[in-house]
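Structure, as structure tokens:
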Amino acid sequence: MDTIYLHIKKESGKTDQEEEAAIRQAGEIIQSGGLVAFPTETVYGLGGDALNPESSRKIYAAKGRPSDNPLIVHICRFEDIYGIVNGLPEAAVKIARAFWPGPLTMILQKSELVPRETTGGLDTVAVRFPSHPVAQKLIAYSGGYIAAPSANLSGRPSPTSAKYVAEDMDGRIDMIIDDGEVGIGLESTILDLTSDVPRILRPGYITREMLDEVLERVDIDVTIIDPESRQAPKAPGMKYRHYAPKGKLVIAEGTPEQVIRYINTHAEADRQAGEKTGVIATAEVLEQYHADVVKCIGSREDEKTIARNLFSILREFDDDNVTSIYSESFPAHGLGQAIMNRLLKAAGHRIVRL
Ligand code: AMP
Ligand code: MG
């Protein structure tokens, strides 16, 4: 199929009315069972009608995603949640008040309206109310409920700009809405509200510390903190290898001196063995690495920038055909918990503790 590209970045020169008409057209594509990739504040999503089982099947097919890995349903008005859930716990209302619209997904009991194709066969549904204005308009023009996973091929890093969506999805979906780069760069925090104590199933921009301020108790899925845990993660998607660059990625943890020495020594050995080497480095020590490609992920003082750059750097290494990648490690609290969660998955949990 020919994918339609819709540019709505400032540079596109569209008037507000033209932009509105274009988003309306995108909404019509979704209403008639098609797929549209669109920007959100976290990463680009691959949207279809959440209430149409055929649309969900198409999403799984376009991504090559296992069909037991449920999709997140996106809404654009808080009230719309009542249509797709079966009962709303008090905690959910508190969380929505504090963090919606925004990068937080809640797991709740689903209503009859939501097909099992959308929820990967589960009785629960993941719901998010994104803050991105284009996402909100598209959801409204699509009938109110868009099922959307990240707009990447299954297993690849989530796309933080439309160019990466095109890399994975050109020819596989009806339309890509290009609004440049996203703001956050990591997927939403997932909070399960179906058990007695709310539990974080996927760390994200809304941190555990922020949730602690709103709720009396918050647990965290053990598989996030202890990747060696034999337990199955409760978010089915968390069990799959993810975000993986094509090259082999190893994380080095230790003092800055230890990390620099380890990475330089190993990168040099790999280079001599014929590999193309890459390093994910923080600004403070960037100059001290020797490898074929050294990428700056941002300053250690600025975790938001690190979060925003992670997925695009992993993709850039693919574009550069880097086969052996080393990364610094980050403290796993606050936003760092989400950063390390994604980095560890990208590395297939290869971490060297020095
Ligand atoms: P993505 O859309 O690519 O960000 O992936 C959505 C994530 O939400 C996956 O990790 C899913 O497993 C998780 N998810 C969606 N629905 C549910 C649900 N009902 N229960 C638990 N996890 C869910
Ligand atoms: Mg994803």
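Heads up: numbering here begins at 1 and tracks the sequence. Values reported hereafter were calculated over all heavy atoms of this structure, with side chains retained and with hydrogens, waters and symmetry mates removed. Both ligands and their constituent atoms are indexed starting at 1 by order of listing.
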Metal site the Mg ion (ligand 2), protein N/O/S atoms found under 2.8 Å
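Protein N, O or S neighbours of the Mg ion (ligand 2) under 2.8 Å, waters not counted, come to 1.
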
What's the shortest distance from [atom] to any protein heavy atom, and which residue and atom give it?
atom	value
atom 21 (C) of ligand 1	Lys234 O, 3.5 Å
atom 13 (C) of ligand 1	Ile190 CD1, 3.7 Å
atom 2 (O) of ligand 1	Pro149 CA, 2.8 Å
atom 18 (C) of ligand 1	Ile107 CD1, 3.5 Å
atom 17 (C) of ligand 1	Pro70 CG, 3.3 Å
atom 19 (N) of ligand 1	Thr124 OG1, 2.9 Å
atom 12 (O) of ligand 1	Gly237 N, 2.6 Å
atom 22 (N) of ligand 1	Ala235 CA, 3.4 Å

Does the [X] side chain pair with the main chain of [Y], one donor and one acceptor, at a distance under 3.5 Å?
X	Y	value
Thr3	Ile173	yes
Lys63	Asn152	yes
Arg199	Asp192	no
Tyr164	Ala151	no
Ser324	Thr277	no

Does [X] come within less than 4.0 Å of ligand 1, judged by its heavy atoms?
X	value
Ser188	no
Asn69	yes
Arg65	yes

Contact atoms of ligand 1, heavy-atom distance to [X] under 4.0 Å:
X	value
Leu122	18 (C), 19 (N), 20 (N)
Ala148	2 (O)
Ala126	15 (C), 16 (N), 17 (C)
Ser150	1 (P), 2 (O), 3 (O)

Could you please spell out the steps behind the side-chain contact (heavy atoms from CB on, under 4.5 Å) verdict for Ile95 and Trp100?
CA-CA 8 Å; Ile95 288 291; Trp100 275 3; 5.8 Å; no

Heteroatom distance test (Lys63, ligand 1): nitrogen or oxygen, under 3.5 angstrom
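Looking only at distances, the answer is no, because the N/O contact criterion of under 3.5 Å is not met.
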
Is the shortest side-chain heavy-atom distance between Ile139 and Pro130 below 4.5 Å?
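Side-chain contact under 4.5 Å: yes.
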
Do Phe317 and Ile280 have side chains that get closer than 4.5 Å, going by heavy atoms?
yes

Heavy atoms of other groups near Glu181 CD, more than 12 under 6.0 Å
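Count not over threshold, so no.
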
So for atom CG, which belongs to Asp16, do other residues, nucleotides or ligands contribute more than 12 heavy atoms lying within a distance under 6.0 Å?
no

Under 4.0 Å between a side-chain nitrogen and a carboxylate oxygen: does that hold for Glu167 and Arg156?
yes

Go through Asp168 and Arg315 one step at a time and tell me if the salt bridge (Lys or Arg N to Asp or Glu O under 4.0 Å) criterion holds.
CA-CA 11 Å; Asp168 284 11; Arg315 282 190 180 251; 2.9 Å; yes

Test of understanding: given a 4.0 Å heavy-atom threshold, classify the contact between Arg202 and ligand 1 as side chain, backbone, both, or neither.
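The answer is the side chain of Arg202.
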
Under 4.0 Å, heavy atoms only, figure out whether ligand 1 is touched by the backbone of Ser158, its side chain, both or neither.
neither

Should Tyr326 and Asn264 be marked as a side chain to side chain donor-acceptor pair (under 3.5 Å) after you check the CA-CA gap, both sets of side-chain angles, and the distance that decides it?
CA-CA 9 Å; Tyr326 293 90; Asn264 282 339; over 6 Å; no

Positive for side chain to side chain donor-acceptor pair (under 3.5 Å) with Thr40, one of His74, Arg128, Gln136:
Arg128

Among the clusters formed by ILVMFWY side chains lying less than 4.5 Å apart, do Tyr145 and Leu88 turn up in the same one?
yes

